Each structure stands twice: as C-alpha cells, then as structure tokens.
Amino acid sequence: MGKSKVDSMRPGRLQLRSDNRKVKDFYIGASDNNNNNNNENDVKLRRHLDGEYPTLLPPNMELFNNQVAGHMQDGINLGMIKGKNRVYKPITKESCGRREIGFYEDITNSKDPILQELKQYVPKYYGTEVLTVDGKDVNYIVLDDVTRDFKEPCVMDIKIGRRTYDPLASYEKIIKEDQKYHETKRDLGFCIPGFQVFRIANGRISKYGKDYGKKLNKDTVEDAFKIFLNANSGVSRTLIMQLLTSLWRIQNWARKQRQLRIYSSSLLLVYDARRLRQNLNNQQQPNQPPPTNELPQQPTLKRVNSLNRPLSVAFPDKSGPSRNTFSGLLTKDGPILGAPASPTRIKQFSPLPDRKTAPPSLKRMHSFQNNYDKDLQCMKTDYVDILDQLVNTRTNQTWATVKMIDFAHVFPAENCEPDRNFLEGVENLVKIFEAFLIETDPNLNGISWNVNGSSGMR
Ligand SMILES: Nc1ncnc2c1ncn2[C@@H]1O[C@H](COP(=O)(O)OP(=O)(O)OP(=O)(O)O)[C@@H](O)[C@H]1O
Ligand SMILES: O=P(O)(O)O[C@@H]1[C@H](O)[C@H](O)[C@@H](OP(=O)(O)O)[C@H](OP(=O)(O)O)[C@H]1O
C-alpha cells in the first residue's frame with residue numbers, strides 16, 4: 001500500500017493531516033529507524049549510567065515517574081515529562097508525531113459521533129509545545145495526566161493487537177514486531193510491555209518492564225493481572241468492576257467504529273492503591289456497630305462494597321458518557337449498554353435522624369443552654385462529616401479507569417469493516433476481567449483468589 005493512498009483524505013473519514021507547527025530541531029533517539037550513530041549512543045548511555053548525563057528540563061518540569069512503557073528518558077531516548085497535571089510526550093519520529101497530532105486534532109474538531117465518543121476514552125489533548133531539553137528544542141504532545149488524581153498510581157500498559165506494525169512498516173520492522181511478545185499477541189491479541197503497582201501491604205512500588213512482559217503467555221498473563229490488582233491483599237470486586245466498566249465502553253465503541261485502523265496503541269489501566277486499601281479495609285469490617293457513646297440513629301454512611309448487588313449499579317466513569325452506561329444486562333456477548341441510568345452513588349445513606357424521637361442523651365436537664373449548645377455542636381459535626389463524605393463521593397467516585405493512548409500508528413480504514421485486530425485484543429481482555437468477576441463472586445461458586453494470585457476453592 002502506497003503512502004499517498006494511506007494518507008489520502010476521504011469525505012466523512014478521519015483525515016490525517018500534516019502538522020503545520022514545525023519542530024525546530026528533532027532529538028533523534030537511538031531507536032529511531034533512521035538512526036545509525038550507535039557509537040555516539042553507547043557513549044551517551046555509558047555517561048548516563050555513570051550518572052554523568054543529567055537531563056536538563058525546563059523549570060517546573062520533571063521526568064514522569066509513572067511512565068511504565070514506551071520510550072524512556074535514558075540519555076539516548078527521550079521519555080515522558082511531567083508538568084502540572086499534564087504529561088508531555090516527545091515527538092522523536094516525524095511520521096509518528098504527525099499521525100498522533102493529526103489523530104488528536106481530528107477527534108478534537110470532528111463532529112462525527114463516533115470520533116466524538118472516542119474523545120471520552122482518550123486523555124484530554126492540549127496541543128503541542130516546544131520545550132528545551134538538554135539544550136535542544138523538542139516538540140511535545142501535551143496530554144492530561146491520567147494518574148493526576150491518584151496518590152499511589154498503579155498503571156498497566158496493554159498494547160492491543162496481534163499485529164503491532166502499521167501498513168507502512170518495513171520488512172525488518174514487521175519481523176521485529178512479530179518476534180516480540182509473541183505468545184500473548186498470538187493467543188490473546190494483546191501484550192503487556194510494562195506496569196507498576198503500589199503494594200497494599202507495604203505501600204512500596206514494584207515495576208515490571210518489557211522483559212517480564214515478553215516472557216508471558218496465555219496462562220501466566222493472569223498472574224500479571226493479579227499482581228497488578230494487588231490480589232494477594234484481597235480481592236476488590238469494586239476495582240475489577242470499575243476497570244471492566246471502562247473496558248466495556250471501549251469494547252462497545254470498537255465494535256461500532258468503522259473508520260480507523262489502530263495499530264500498536266495501548267489501553268492504560270490505572271487505579272489508586274490508596275483507595276483500594278480503604279476499599280479492602282472497609283470490606284474486612286462490614287456493618288461494624290457504632291461505638292456505644294455515639295448517638296443512636298446518628299446519620300451514618302454505609303459503604304456498599306459488595307458487588308453482589310445488581311450489576312446495574314455501574315460505576316460512572318468521570319469522563320464517561322452517560323449514554324453508554326451499563327444497563328445491568330449481561331448477555332453471552334457481553335454487557336448491554338443502555339439509556340442513562342440515574343446517577344448512582346457507591347455510598348448509600350440511611351435517613352437523617354428524626355430528632356423528635358430524641359435519644360436519651362438529648363434529654364439531659366441540668367442546664368438547658370449547656371445541653372443545647374453541646375447538642376448543636378454535635379449535630380454540626382455530624383453534618384460536616386456527612387457533607388465531607390458527600391463531596392468526596394461526588395468528586396472522587398471513580399478511582400480506577402482505562403484510557404486509550406498512543407496513536408502514532410492510526411490509519412484511515414480502507415473498508416467498512418470493524419478493526420478486527422484492535423477489537424479482538426479488547427474483547428479478549430474484557431473476557432479475562434469478566435472471568436475474574438465471575439471467579440470471585442461468592443454467590444456463584446465460592447471461589448476466592450489465594451495469596452500467589454491464582455484462584456482456589458475456599
Ligand atoms: N496521558 C497519559 N497520562 C499518564 N501516563 C501516560 C499518558 N500517556 C502515556 N503515559 C505513560 O507513558 C507510557 C508511554 O506512552 P506511549 O505509549 O504514548 O509512548 P511511546 O513512547 O509512543 O510508546 P511506544 O514505544 O510503545 O510506541 C505509557 O505506558 C504510560 O505509562
Ligand atoms: O516494546 P518494545 O520492545 O520496546 O518495542 C518497541 C515498541 O514496539 C514501540 O511501539 C516501537 O516504537 P514505534 O511505535 O515508534 O514504532 C519501538 O520501535 P523502535 O525500536 O523502532 O523505536 C519498539 O522497539
């Protein structure tokens with residue numbers, strides 16, 4: 001397929017345009033296909049490993065610690081940089097940069113409903129910016145940091161597709177790509193180039209790189225997911241359900257879309273281990289009676305942790321479309337997405353106290369004024385607590401989500417078929433997470449996950 005054919009514009013189709021903001025001076029990494037200066041790179045790498053190659057970044061910028069895959073800042077390649085709440089992705093290959101910028105700008109401006117829906121599944125795009133790094137001007141794509149709200153961000157990069165090269169790939173590139181992550185790509189249509197997890201037990205971070213991912217196969221991949229989900233500290237069906245809800249939406253979109261071919265892009269699974277820890281702690285202490293010195297009938301917040309309640313209690317994704325909320329109906333072909341559900345709260349509230357049926361403590365008589373002030377103070381504290389939790393409920397309801405990233409190899413479709421290469425990977429991923437949900441449903445078969453991540457009978 002010729003380049004002009006691939007890049008040609010079609011009415012009503014995604015148009016991949018060239019970027020008119022020129023990069024002043026490309027910083028070419030060692031992994032660039034056109035790059036032959038290996039000696040120079042070896043020297044740079046050695047200097048970097050010896051600590052002699054500090055990266056000079058613009059003020060208020062730092063290397064992005066939560067990057068789990070892709071080209072990393074290592075003295076040879078440029079990696080992701082972080083500014084306030086945003087990440088900066090360097091453009092090191094002109095064609096990849098042009099396609100990725102074209103992709104983000106097209107979905108930003110498009111009126112096509114499919115592309116508009118897609119916006120909800122990708123990080124918000126803030127255009128491009130030239131930054132001076134190590135004395136060189138580099139063009140960066142600026143995106144919302146998907147981990148920005150998380151205290152202990154657990155991040156997994158899952159590269160989608162059995163085929164991870166685009167229609168313009170050279171023969172060498174095709175061979176190189178086909179040899180990597182061979183088993184998981186062949187059997188599952190995706191691979192795991194990297195992930196990081198904050199351990200619930202000790203708060204320490206563990207990072208798993210591409211060497212780990214390249215050894216995985218269809219059986220061991222489950223262990224990788226269980227490590228990522230912190231399964232050895234307990235199973236949070238809330239966590240699985242939140243991730244699955246995002247995955248279902250992406251799957252639903254991928255089943256509908258006909259205009260794009262998405263090669264070598266990733267799904268980024270993210271969650272906050274801090275919130276998982278709270279969730280697991282609450283699960284361990286369900287329905288604890290209130291301390292005896294508390295007012296009876298005090299307004300209480302009951303956290304509903306169990307996912308045994310109807311699946312219609314979907315977890316709305318902050319960025320998710322209300323149109324595509326999970327209807328609660330799960331068929332053999334997957335979930336049915338339906339009309340907007342009424343806003344769902346993870347927490348449920350018991351009725352406010354009926355102060356007319358006042359508890360004994362309210363009837364103390366020695367000083368009306370004294371009692372009144374204390375009671376008022378007590379009520380205020382109660383309501384501040386409720387308000388606080390209500391606010392948190394509204395703003396931080398979702399603490400796990402999935403975003404689509406890396407669009408350097410997106411091409412317009414040449415026929416009206418779905419993108420089977422992309423869809424197949426997403427569907428297999430969904431199946432794995434659905435199986436986790438079923439495996440851990442105490443009402444269905446009483447199976448729980450044991451410490452090393454595999455499942456076993458209780
Ligand atoms: N918007 C984002 N928010 C948070 N982290 C992100 C975001 N985009 C990318 N990342 C992090 O950076 C990593 C690399 O991103 P990306 O795949 O876009 O880069 P890349 O260098 O093109 O990768 P590759 O070498 O696979 O082509 C991801 O695995 C993820 O950890
Ligand atoms: O997971 P790995 O083993 O790091 O493999 C890399 C990964 O496939 C990247 O997507 C690719 O960059 P592009 O998407 O830009 O092609 C890079 O190609 P490269 O070596 O040609 O940079 C590969 O090396």
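Counting starts at 1 for both ligands and their atoms, in listed order. Note that this is a predicted model, so its numbers are computed, not measured.
- Which parts of ligand 2 touch E177 is read off a 4.0 Å heavy-atom cut-off, strictly below it: atoms 8 (O), 23 (C).
- Listed by chain and residue number, R99, H409 satisfy the side chain to side chain donor-acceptor pair (under 3.5 Å) test with D166 (two or more places apart in sequence, or in another chain).
- Taking every non-hydrogen atom of K176 and a distance limit under 4.0 Å, the qualifying atoms of ligand 2 come out as 19 (P), 20 (O), 21 (O).
- Set against the non-hydrogen atoms of K180, the atoms of ligand 2 under 4.0 Å away are 2 (P), 3 (O), 5 (O), 6 (C), 8 (O), 23 (C), 24 (O).
- Side chains of K159 and S264: a donor on one and an acceptor on the other come within 3.5 Å.
- For residues 136-176, no pair satisfies ring pair (Phe, Tyr, Trp, His ring centres under 6.0 Å), with sequence neighbours left out.
- Protein residues having a heavy atom under 4.0 Å from any atom of ligand 1 are F64, N66, Q67, V68, A69, G70, H71, M80, V87, K89, P123, L143, D144, D145, V146, D157, K159, L268, I405, D406, listed by chain and number.
- At least one heavy atom of S264 sits under 4.0 Å from some atom of ligand 2.
- Across all non-hydrogen atoms, the minimal contact from R148 to D144 is NH1-OD1, 2.9 Å.
- Within the structure, the ring pair (Phe, Tyr, Trp, His ring centres under 6.0 Å) test picks out the following pairs touching residues 202-226 (sequence neighbours left out): F195-Y208, F195-Y212, Y208-Y212, F225-F433.
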Given N139 and L131, is the side-chain contact (heavy atoms from CB on, under 4.5 Å) satisfied, shown in steps?
CA-CA 6 Å; N139 203 17; L131 301 177; over 6 Å; no
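- Look at E427 and K431 and you find no salt bridge, because none of the NZ, NE, NH1 or NH2 atoms lies under 4.0 Å from a carboxylate O.
- The pair E62-K82 fails the salt-bridge criterion, with no side-chain N (NZ, NE, NH1 or NH2) lying under 4.0 Å from an Asp/Glu carboxylate O.
- Residue-ligand proximity: Y181 is placed with a non-hydrogen atom under 4.0 Å from ligand 2.
- Residues L243 and W248 are not in side-chain contact: their nearest non-hydrogen atoms beyond the backbone lie 4.5 Å or more apart.
- In the candidate list K214, K173, K159, E172, K173 is nearest to atom 18 (O) of ligand 2, counting heavy atoms.
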